[in-house]
Amino acid sequence: MIRPHGLRRVWGRLHVTARDLPLAVLLCALAFVPSMRGSGTDIGAVAERPYDAPAVVAIGLQTLALTLRRRWPAVCLTLVAAGFALDQLRGYHTVASTALPLALLSAGAHLERYRRTTVAVLSVAYVLFVAELVRRGSGEPPAEFVSFYVAMCLLWGGGAWLRSTRIAEAERRHQVAEQTRAAERARIARELHDVVTHHVTAMVVQAEAARYLTAAPERLDEALTAVTDTGRRAVADLRHLLDLLNPDHGEGSRTPPVGRLLTLVEQTRRAGQPVEFTEKGTPAASTGSADLVAYRVVQEALTNALKYAHGQATSVLVRHGERDITVEVGTDGPGRRAVTSPGGGRGLAGLRERVDVLGGEFEAGPRPGGGFAVRARIPTGSRA
């Protein structure tokens with residue numbers, strides 16, 4: 001059994017002319033129903049006559065041409081208008097004449113090129129059509145012909161309004177898509193900045209320290225091992241970040257566990273930075289994106305400590321509450337350099353954006369007694 005949504009998908013995959021065919025066939029069939037004869041549009045008061053071969057041509061032109069109303073609207077309108085003129089001039093007045101309003105509405109909505117030319121040509125054709133009706137002795141007053149023309153113009157205008165609405169909606173969707181892509185690129189750039197900057201900074205510091213350990217092979221081996229381990233972690237984090245671009249990648253692996261904070265701290269210690277790490281409270285069962293943001297705050301703060309206050313005592317405090325995670329990272333020694341140095345402000349600005357998105361609070365700046373401090377309160381439960 002085919003479900004309704006399955007039918008809609010099949011119908012949507014059909015060519016537009018195939019979707020317009022049922023209406024054309026239905027209108028054509030109605031035109032041949034005996035009770036429907038003579039019930040169509042009557043302009044010009046031409047005496048009614050029975051169906052003959054030209055009547056079949058008029059009906060076919062007006063109805064079957066509707067299959068082209070969205071694919072080739074100008075061709076559709078031309079054929080329908082020709083069939084309508086034949087219908088009225090010979091006095092058939094078939095119900096197929098209702099195809100003209102549909103063709104005008106569709107042309108106004110779907111015609112892309114030569115719109116003004118089409119309107120001008122059709123207007124001239126209408127004048128010639130009225131002149132022929134008058135020549136044949138039509139008793140219609142001029143106001144009737146003008147009213148019919150105004151009605152047709154309104155139909156065209158309605159189609160033009162639908163077209164402008166469709167274009168505006170397409171433009172709005174395009175802008176939303178561009179904004180979404182820009183936001184995603186910015187998010188990926190922030191992730192790359194956080195991952196690469198931290199690991200590369202640690203590797204540079206460790207490599208610089210190894211230059212002075214050539215006389216102590218054991219300590220040199222430890223330093224080079226630390227560089228190697230940091231490089232492996234950098235590759236692992238980059239692989240994890242690239243996996244996020246895979247649509248089949250699981251959502252659950254998006255956020256690094258808070259337990260990795262200890263690994264982050266140990267890596268910074270091995271780079272020569274004395275770090276005191278304290279974690280209080282129990283992580284909530286569901287923290288949404290808060291874990292990831294907390295991890296990035298600590299990572300960026302430790303990176304800045306390595307770059308601008310290498311060797312100075314650093315403290316990391318992570319407190320898990322029922323509704324938020326609080327992170328405090330402080331470093332002794334000079335602190336203003338972390339703000340004014342190239343690159344540091346970019347990372348802190350990115351952290352502020354992350355925290356603001358989750359509705360949290362972020363502070364970063366020099367401490368009164370010297371050094372630099374980063375504080376963040378991150379609400380839990382949001383998946384932003």
Side-chain angles (χ1 to χ4, degrees), residues 2 4 7-112 118-119 121-123 125-126 128-130 132-133 136 138 140 144-145 147-149 151-160 162-163:
I2 301 179
L7 289 175
R8 286 195 296 269
R9 285 200 299 269
V10 173
W11 178 259
R13 284 196 290 263
L14 292 176
H15 193 272
V16 66
T17 55
R19 297 200 299 270
D20 289 332
L21 181 61
L23 175 63
V25 172
L26 176 62
L27 191 58
C28 182
L30 287 176
F32 289 100
V33 175
S35 61
M36 301 294 290
R37 292 187 180 183
S39 59
T41 304
D42 184 358
I43 179 172
V46 176
E48 187 175 340
R49 70 168 66 187
Y51 286 3
D52 51 15
V56 176
V57 174
I59 292 173
L61 286 174
Q62 294 178 92
T63 59
L64 298 182
L66 289 178
T67 58
L68 310 176
R69 68 185 185 90
R70 286 186 284 183
R71 182 67 178 85
W72 292 302
V75 175
C76 170
L77 184 56
T78 301
L79 295 176
V80 171
F84 180 82
L86 179 61
D87 184 304
Q88 299 302 311
L89 290 173
R90 291 187 63 85
Y92 301 124
H93 309 310
T94 70
V95 73
S97 59
T98 57
L100 181 61
L102 292 174
L104 278 166
L105 188 67
S106 298
H110 300 289
L111 186 61
E112 299 294 338
T118 301
V119 171
V121 170
L122 289 175
S123 298
Y126 181 73
L128 296 177
F129 167 68
V130 171
E132 179 62 20
L133 286 175
R136 296 190 179 197
S138 171
E140 291 278 7
E144 291 294 329
F145 294 117
S147 298
F148 184 81
Y149 179 78
M152 296 300 101
C153 288
L154 289 176
L155 286 167
W156 174 277
L162 290 174
R163 177 176 178 270

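Residue numbers run from 1 in the order of the sequence given. All of these numbers come straight from a predicted model, not from anything done at the bench. Only heavy atoms go into these numbers, but all of them, side chains included; no hydrogens, no water, no symmetry mates.
Under the 4.5 Å side-chain criterion, counting only non-hydrogen atoms from C-beta, I43 is in contact with F145. Side-chain atoms of L23 and L102, non-hydrogen and from C-beta on, do get closer than 4.5 Å to each other. Counting only heavy atoms from C-beta outward, the side chains of L100 and V80 approach each other to under 4.5 Å. Put simply, the side chain of V46 does not reach to within 4.5 Å of the side chain of L89, judged on heavy atoms. Counting only heavy atoms from C-beta outward, the side chains of V130 and F148 never approach each other to under 4.5 Å. Looking at Q62 and T94, their side chains come closer than 4.5 Å, going by heavy atoms from C-beta outward. With a 4.5 Å cut-off on side-chain heavy atoms, W72 and L79 do not count as touching.
Taking CZ from R69 and CG from L105, the interatomic distance works out to 8.0 Å, rounded to the nearest 0.5 Å. Rounding to the nearest 0.5 angstrom, the gap separating the CG atom in L68 from the CG atom in L77 is 11.5 Å. To the nearest 0.5 Å, the span separating CD1 on I59 from CG on L30 amounts to 10.5 Å. A distance of 7.5 Å separates OG1 in T63 from CZ in F32, rounded to the nearest 0.5 Å. Of the inter-residue distances, the one linking T41 atom OG1 with H93 atom NE2 reads 10.0 Å to the nearest 0.5 angstrom. The CZ atom of F129 sits 14.0 Å away from atom OH of Y149, with the distance rounded to the nearest 0.5 Å.
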Step-by-step side-chain contact (heavy atoms from CB on, under 4.5 Å) determination, R71 to D20: CA-CA 10 Å; R71 182 67 178 85; D20 289 332; over 6 Å; no

Worked check of salt bridge (Lys or Arg N to Asp or Glu O under 4.0 Å) between R90 and D52: CA-CA 10 Å; R90 291 187 63 85; D52 51 15; 3.1 Å; yes

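Of all non-hydrogen atoms in D87 and A58, the two that sit nearest each other are N-CB, 4.1 Å. A pairwise comparison of heavy atoms in W156 and A107 identifies CZ3-CB, 3.7 Å as the closest pair.
With hydrogens and angles disregarded, no donor-acceptor distance shorter than 3.5 Å links the side chain of Q88 to the backbone of S97. Listed for the Y92 side chain is no donor-acceptor partner under 3.5 Å among the backbone atoms of L86. At distances below 3.5 Å, not a single donor-acceptor pair connects side-chain atoms of S106 with backbone N or O atoms of A103.
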